[in-house]
Amino acid sequence: MEISLRIAILLSELDGKYCDLNRLTYYDYLLIHSGDIENAPESLHPENPFRIGDVLARRELIKKAVEFLCKKQLITTNFNENGIVYSSSSLTKVFINHLDSSYSEKTKGIAKWIASEFHLYGDKELSEYITNNLHKWGGNFSQVGFRSK
């Protein structure tokens with residue numbers, strides 16, 4: 001449920017832009033660990049060692065969260081040259097506007113920052129950015145990353 005809420009908030013802030021599972025996985029990592037990046041908002045979750053493994057571990061959880069959100073019509077599915085992509089639906093912002101906990105407010109703020117900082121990155125650029133910075137962000141998984149399309 002928590003991951004589903006974060007994904008809905010992220011897609012809401014991207015305002016109709018489509019993301020595939022790789023991008024959503026990267027964005028969710030950046031949302032949780034935004035403090036790893038210079039001049040970024042404080043991380044949503046506390047730092048933990050070896051958190052770089054989160055990038056790989058989250059993909060399957062993100063997939064399940066996206067399926068849940070699709071069933072509830074809180075996000076839409078589309079197909080493009082890269083495969084299946086997701087965006088906010090007409091219900092996403094309505095739903096998100098009803099969230100008022102401190103966690104959801106902090107999530108919204110970081111998601112807005114992610115949308116402004118990373119939405120222009122192509123899939124390959126975002127993958128390279130994540131892969132090239134993993135060694136700085138803690139843990140010993142410096143060779144982890146998804147293949148770009």
Side-chain angles (χ1 to χ4, degrees), residues 1-48 50-131 133-134 137-139 144-146 148-149:
M1 185 60 71
E2 178 186 347
I3 294 170
S4 296
L5 290 174
R6 288 197 309 263
I7 297 302
I9 290 169
L10 280 164
L11 288 173
S12 177
E13 287 300 331
L14 290 166
D15 203 25
K17 292 180 179 68
Y18 286 97
C19 295
D20 65 8
L21 281 178
N22 284 346
R23 183 171 290 267
L24 288 174
T25 302
Y26 289 144
Y27 281 174
D28 190 57
Y29 175 87
L30 292 170
L31 194 144
I32 292 170
H33 303 294
S34 56
D36 287 346
I37 300 166
E38 193 172 322
N39 299 318
E42 179 183 319
S43 295
L44 187 60
H45 292 181
E47 288 187 17
N48 62 337
F50 307 113
R51 65 190 174 279
I52 301 311
D54 285 356
V55 174
L56 284 178
R58 295 198 131 356
R59 185 170 165 76
E60 202 53 41
L61 296 171
I62 299 289
K63 185 177 179 181
K64 289 178 182 179
V66 163
E67 289 170 0
F68 174 78
L69 291 167
C70 286
K71 287 178 187 174
K72 301 299 180 187
Q73 299 179 344
L74 290 171
I75 64 174
T76 62
T77 304
N78 204 341
F79 303 91
N80 68 18
E81 63 279 355
N82 295 324
I84 303 171
V85 290
Y86 308 95
S87 73
S88 58
S89 75
S90 60
L91 299 175
T92 311
K93 282 204 188 283
V94 174
F95 175 73
I96 297 304
N97 287 338
H98 285 27
L99 303 175
D100 62 0
S101 69
S102 60
Y103 183 85
S104 64
E105 291 303 317
K106 189 171 180 181
T107 302
K108 290 174 191 177
I110 298 169
K112 181 178 252 156
W113 172 80
I114 289 170
S116 70
E117 290 292 317
F118 294 99
H119 78 279
L120 293 177
Y121 281 49
D123 292 340
K124 185 176 180 180
E125 291 172 301
L126 182 60
S127 178
E128 287 174 357
Y129 177 79
I130 298 292
T131 302
N133 285 289
L134 288 175
W137 295 338
V144 174
F146 294 114
S148 300
K149 298 187 186 219

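I114 contributes atom CD1, which lies 4.0 Å from atom CG of L31 (distance to the nearest 0.5 angstrom). Interatomic distance, OG1 of T92 versus CD of E13, reported as 11.5 Å (0.5 Å rounding). Taking CG of N80 as the start and OH of Y18 as the end, the distance is 9.0 Å to the nearest 0.5 Å. For the atom pair CG (L61) and OG (S4), the distance works out to 10.0 Å, reported to the nearest 0.5 Å. Atom OG1 in T107 sits 9.0 Å away from atom CG in L99 (nearest 0.5 Å). Note that CG of L74 and OG of S90 are 9.5 Å apart. Values are rounded to the nearest 0.5 Å.
A donor-acceptor pair under 3.5 Å links the side-chain atoms of K106 to the main chain of S43, judged by distance alone. Panel note: side chain S127, backbone D123; no donor-acceptor pair is recorded below 3.5 Å. Of the possible polar contacts, one joining the H119 side chain to the A115 backbone as a donor-acceptor pair under 3.5 Å is found. Put simply, the side chain of T25 gets close to the backbone of L21: a donor and an acceptor are under 3.5 Å apart.
In this structure, R58 and Y26 have side chains that are not in contact, with every pair of non-hydrogen atoms separated by 4.5 Å or more. Counting heavy atoms from C-beta on, the side chains of I7 and Y27 never come closer than 4.5 Å. Between Y86 and L69 there is no side-chain heavy-atom pair separated by less than 4.5 Å.
Annotation for S87 and K17: closest pair CB-O, 3.5 Å, computed over non-hydrogen atoms. Between L30 and I110, the shortest heavy-atom contact is O-CG2, 4.4 Å. Contact detail for D20 and I84: the closest heavy-atom pair is CB-O, 3.7 Å. In terms of heavy-atom proximity, F95 sits nearest to L5 at CE2-CD2, 3.5 Å. Between I62 and I3, the shortest heavy-atom distance links the atoms CD1-CG2, 3.7 Å. Closest of all the heavy-atom pairs between P41 and S34 is O-OG, 2.9 Å.
The pair K108-E105 meets the salt-bridge criterion, with a side-chain N (NZ, NE, NH1 or NH2) lying under 4.0 Å from an Asp/Glu carboxylate O.
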Derivation of the side chain to side chain contact (heavy atoms under 4.5 Å, CB included) call for L24 and K63: CA-CA 9 Å; L24 288 174; K63 185 177 179 181; over 6 Å; no

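For CD of Q73, the number of neighbouring non-hydrogen atoms (other residues, nucleotides, ligands) closer than 6.0 Å is 12 at most. At most 12 non-hydrogen atoms from other residues, nucleotides or ligands lie less than 6.0 angstrom from NZ of K112.
Partners of R6 according to the salt bridge (charged side-chain N to carboxylate O under 4.0 Å, His left out) rule, which considers only residues two or more places apart in sequence or in another chain, are E2, D28. Partners of S104 according to the side chain to side chain donor-acceptor pair (under 3.5 Å) rule, which considers only residues two or more places apart in sequence or in another chain, are S101. Residues forming a ring-ring contact (aromatic ring centres under 6.0 Å, His included) with Y121 (at least two apart in sequence, or on another chain): F118, Y129.
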